[in-house]
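Given the structure is predicted, the values throughout are model-derived calculations rather than measurements.
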Amino acid sequence: MGSHAAPKSHMAAAIIFGLVLVTLVFLIFGALSGNYAVMLPILIAYSAWTIVSLFIFGRGLSREEAAAAHAEH
């Protein structure tokens, strides 16, 4: 069974990248709405989901494990 998940070594980079994107969305939509306080719960929710989802879905195989799993099929 193949895996499209990120390798474990890229987990920190994925979290940082996700948080940067969430912050950009917060800044853009906060500016458009004219009220950053309204957007704050969304920032918190998306930041938490970014981190949690990467730990749930991004616990991928290392390159060696992925190569070994691919070689078996």
Side-chain angles (χ1 to χ4, degrees):
M1 183 158 95
S3 174
H4 296 289
K8 292 176 186 176
S9 62
H10 291 56
M11 186 68 71
I15 289 172
I16 292 168
F17 183 75
L19 293 178
V20 167
L21 289 179
V22 167
T23 303
L24 285 175
V25 168
F26 168 74
L27 292 174
I28 291 168
F29 284 100
L32 289 174
S33 71
N35 189 354
Y36 289 100
V38 172
M39 300 301 292
L40 195 57
I42 296 172
L43 173 70
I44 294 167
Y46 276 118
S47 297
W49 175 244
T50 298
I51 295 169
V52 170
S53 66
L54 283 169
F55 280 108
I56 292 172
F57 302 113
R59 58 175 191 267
L61 303 171
S62 67
R63 290 178 192 248
E64 294 80 21
E65 291 170 335
H70 185 66
E72 291 174 4
H73 297 291

Exercise. Does the side-chain contact (heavy atoms from CB on, under 4.5 Å) test come out yes or no for Ile15 and Thr50, once each step is laid out?
Worked result: CA-CA 7 Å; Ile15 289 172; Thr50 298; 5.5 Å; no

For this session: Run the numbers on Ile28 and Val25 for side-chain contact (heavy atoms from CB on, under 4.5 Å), then give the verdict.
Result: CA-CA 5 Å; Ile28 291 168; Val25 168; 5.9 Å; no

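Of all non-hydrogen atoms in Met39 and Ser33, the two that sit nearest each other are CG-OG, 4.1 Å. Closest of all the heavy-atom pairs between Pro41 and Ala37 is CD-O, 3.6 Å.
Under the 4.5 Å side-chain heavy-atom criterion for Ile, Leu, Val, Met, Phe, Trp and Tyr, Leu40 and Val22 are members of the same hydrophobic cluster. Transitive grouping of hydrophobic side chains (ILVMFWY, heavy atoms separated by less than 4.5 Å) keeps Leu24 and Leu43 in distinct clusters. Under a hydrophobic clustering in which Ile, Leu, Val, Met, Phe, Trp and Tyr are joined whenever their side-chain heavy atoms come within less than 4.5 Å, directly or via other members, Val52 and Ile44 fall into different clusters.
Screening Leu21, Val20, Leu19 for a side-chain contact (heavy atoms from CB on, under 4.5 Å) involving Phe17 leaves a single residue, Leu21.
Within the structure, every pair that satisfies the ring pair (Phe, Tyr, Trp, His ring centres under 6.0 Å) test and touches residues 30-52, not counting sequence neighbours, is listed here: Phe26-Tyr36.
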